[in-house]
Amino acid sequence: MKKTRVRFAPSPTGALHIGGAHTALFNWLWARHTGGSFILRIEDTDRARSTQEYEKTIMDGMKWMNLDWDEGPDVGGEYGPYRQADRLDLYRKYAEELLEKGKAYRDGDAIIFKVPLGEDIGFQDIVYGSIDVVSDSLKDGRTGEMKDIVLIKSDGMPTYNFAVVVDDHLMEISHVIRGEDHISNTPKQVLLYKALGWELPEFAHLPMILGKDKKKLSKRHGATSVYEYRDMGYMPNSVFNFLALLGWAPAGDREIFDRDLAVAEFELKNVNRKPSVLDLDKLNFVNQGHLHALPVEEKISMLQPFWEEEGVDLSKLEIGYMEKAFEMMGGRGRTVKDLAEFTDYFLDFSPVTKRYKGDVDDDTRKKLQGFFSGLLGLEDWTAPSMEAFAREWTESNEVKLKDVAMPMRFAITGHKVSPGIFELAEFFGKDEIRKRLEHFNFV
RNA sequence: GGUCCCUUCGUCCAGAGGCCUAGGACACCGGGUUCUCAGCCCGGUAACAGGGGUUCGAAUCCCCUAGGGACUGCCA
């Protein structure tokens, strides 16, 4: 059995977008599932648009997703170089071979493959099944002229269709796993494999990812780069989980899973053919699941950048303290960003004062002052005792419990969402609560 | 225009001829818990694109139609 070798081959003309991440992920899953190698190859033959910066961003994006590669431009490997711009002599060599065999011709500085008639250029696709095509269909549908395949462009660079064939063969790629948009390029590549006398790799095309409007995902649909998802507060494992669910699902009804499970159960033949729509509601749900399952330390390290960005003073940050805070938070917060915001008041009072001014009319203030004074007078500073007092007090003053609980929540957290307010008060301690209430002149 | 691909609830995924009066999840809508929100618990709405075959039997196989998509670049 031949060793599995798969590759992700982005062109460095932009950041790693979500569709690219999906393709990279499925390649990675297949490599890890089969114990094979995952190779990163940079397709930088478009000299005008490729940049070093983009190459780096793509790699960083993959690292963020924890998709590690075994061979690539940075780590090297036995099948290098891994940038197409560094492999020009190879492409030229095989183009000339085709020239000598009379299968290609020159047109100025370009080398062009002459497409023969009547050739079977169909192939088997692991996910799409058998794709039957005859070389005659490469003709222009309007003019009836055969459209030959450019191998080497006038600038000396290979075209995509030629470079992939040469590279995939030389790098001994066993499975070509890529987006469905390449399915119609494949017959041309099959033709080239045949002309060079090379064995075909296995092909597996992946369904496209669409936007809400069912159109190919693009900038119009909002976030496209994986960094945008990171900045919105989604975690790598969530994006991983979510993307894995687009076109595939593990057996059973599992929706939230970790990468080990995906690696163990992933099968190319179980990938479906239907293009899928990216649904942020589902991502939110998946993220929430992963986020709240995180151990404290990891949760803190996820939240930290968002707290910092918010300008929260982290001097009180301590694991044991935050562990209790998170415990009280329960399942609140879907994204890391949400959770950072929903917990900032545990660490720092200033975000609270930024969000809440304590504006109430005089009559209400007077009432609240009465209530809070009583509360702070309580000797038994526990949630049940505070709640009992609050219920009694509100009843005899003919107001609802929420009429005092909500202002108290705002004064302490600056949010309209929080854990139980008396629970919170007990946790913070009387001194801190007094300080916060005094700040708003509620006591 | 040509070639190729796709079509199960709003969305994602199950279903690989009888287990389907089509299942799960997200979202949505009710109800419960409640000081808020989230969570949790209970319940609900909602789909095999249409039409022909094949078969004792079809969401599953075949054909046609319709709709969508990709490719059709000396971009990848």
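Below, read A as the first sequence line, B as the second, and so on, with proteins coming before strands; counting in each chain starts at 1. Side chains included, hydrogens not; waters and symmetry mates left out as well; all remaining heavy atoms used.
Taking every side-chain heavy atom of A:S276 into account, B:C13 is the closest of B:C13, B:G24, B:U3. Here the nucleotide nearest the side chain of A:V277, chosen from B:U3, B:U11, B:A27, is B:U11. Taking the side chain of A:F285 as heavy atoms from C-beta on, and the options B:C12, B:C26, B:C5, the nearest nucleotide is B:C26. Nearest nucleotide to the side chain of A:I131, out of B:C4, B:C26, B:C13: B:C4.
At the heavy-atom level, A:L246 lies under 4.0 Å from the strands shown only through sugar-phosphate atoms. Nucleic acid contact for A:N284: none, since no nucleic acid atom lies under 4.0 Å from a heavy atom of the residue. In this structure, A:G108 reaches neither bases nor backbone, as no heavy-atom distance under 4.0 Å exists between it and the strands shown. Base contact: A:S418 has a heavy atom under 4.0 Å from a base atom.
Each of A:D281 and A:G247 has a nearest nucleotide on RNA chain B; the 5'-most of these lies closest to A:G247. Taking for each of A:Q288 and A:V271 the nucleotide of RNA chain B with the nearest heavy atom, the 5'-most of the two is the partner of A:V271.
Here B:U36 sits opposite no nucleotide as a Watson-Crick or G-U wobble pair (both hydrogen-bonding atom distances under 3.5 Å). Using Watson-Crick or G-U wobble geometry with both donor-acceptor distances under 3.5 Å, B:C74 finds no partner in any strand shown. Checking B:C12 for Watson-Crick or G-U wobble geometry (two distances, each under 3.5 Å) identifies B:G24 as its partner. With a 3.5 Å ceiling on both atom-pair distances, B:U60 lacks any Watson-Crick or G-U wobble partner. Using the Watson-Crick or G-U wobble rule with both distances under 3.5 Å, B:U55 pairs with nothing in any strand shown. Within the shown strands, B:A66 is the pairing partner of B:U7 under the Watson-Crick or G-U definition, both distances less than 3.5 Å.
Heavy-atom contacts from other residues, nucleotides or ligands closer than 6.0 Å to CZ of A:F428 number more than 12. Residue-environment remark: NZ (A:K354) exceeds the threshold of 12 foreign heavy atoms within 6.0 Å.
Here the two rings, on A:F242 and A:F285, have centers that are 6.0 Å apart or farther. The six-membered or imidazole ring of A:Y94 lies away from that of A:F162, with a centre-to-centre distance of 6.0 Å or more. Taking the six-membered ring wherever Trp is involved, the centroid distance between the rings of A:Y160 and A:H182 falls below 6.0 Å. Aromatic ring centres of A:F342 and A:H415 lie closer together than 6.0 Å. Between A:F266 and A:W248, the ring center distance clears the sub-6.0 Å criterion. The distance between the ring centers of A:W28 and A:F240 falls below 6.0 angstrom.
Across the C1' atoms, B:C63 and B:A70 are found 24 Å apart, a figure rounded to whole Å.
Atom CG of A:D253 and atom C1' of B:G24 are 4 Å apart (whole Å). Distance, A:L191 CG to B:C4 P: 16 Å, rounded to whole Å. Distance A:K282 NZ to B:C9 C1': 13 Å, rounded to the nearest Å.
Because its NZ or CZ atom is not both nearer than 6.0 Å to the ring centre of A:Y345 and within 45° of the ring axis, A:R355 does not count as a cation-pi partner of that residue.
Aromatic ring orientation, A:Y234 versus A:Y229: tilted (interplanar angle from 30° to 60°).
Not one side-chain nitrogen or oxygen of A:N272 sits closer than 4.0 Å to the OP1 or OP2 atom of B:U8.
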Footprint string (nucleotides 65-76 of chain B, 5' to 3'): B base within contact, S backbone only, - free, heavy atoms under 4.0 Å: ----SBSSSBBB

Verdict with reasoning, A:D348 to A:W307, per side-chain hydrogen bond (donor to acceptor under 3.5 Å, both in side chains): CA-CA 10 Å; A:D348 188 356; A:W307 279 328; over 6 Å; no

Are there any protein N/O atoms within less than 3.5 Å of an N/O atom in nucleotides 33-35 of chain B, and if so, which ones and at what distance?
| unit_1 | atom_1 | unit_2 | atom_2 | d |
| --- | --- | --- | --- | --- |
| B:C35 | OP1 | A:R391 | NH1 | 3.1 |
| B:C35 | OP1 | A:R391 | NH2 | 2.1 |
| B:C35 | O2 | A:R409 | NH1 | 3.3 |
| B:C35 | O2 | A:R409 | NH2 | 3.0 |
| B:C35 | N3 | A:I421 | N | 3.2 |

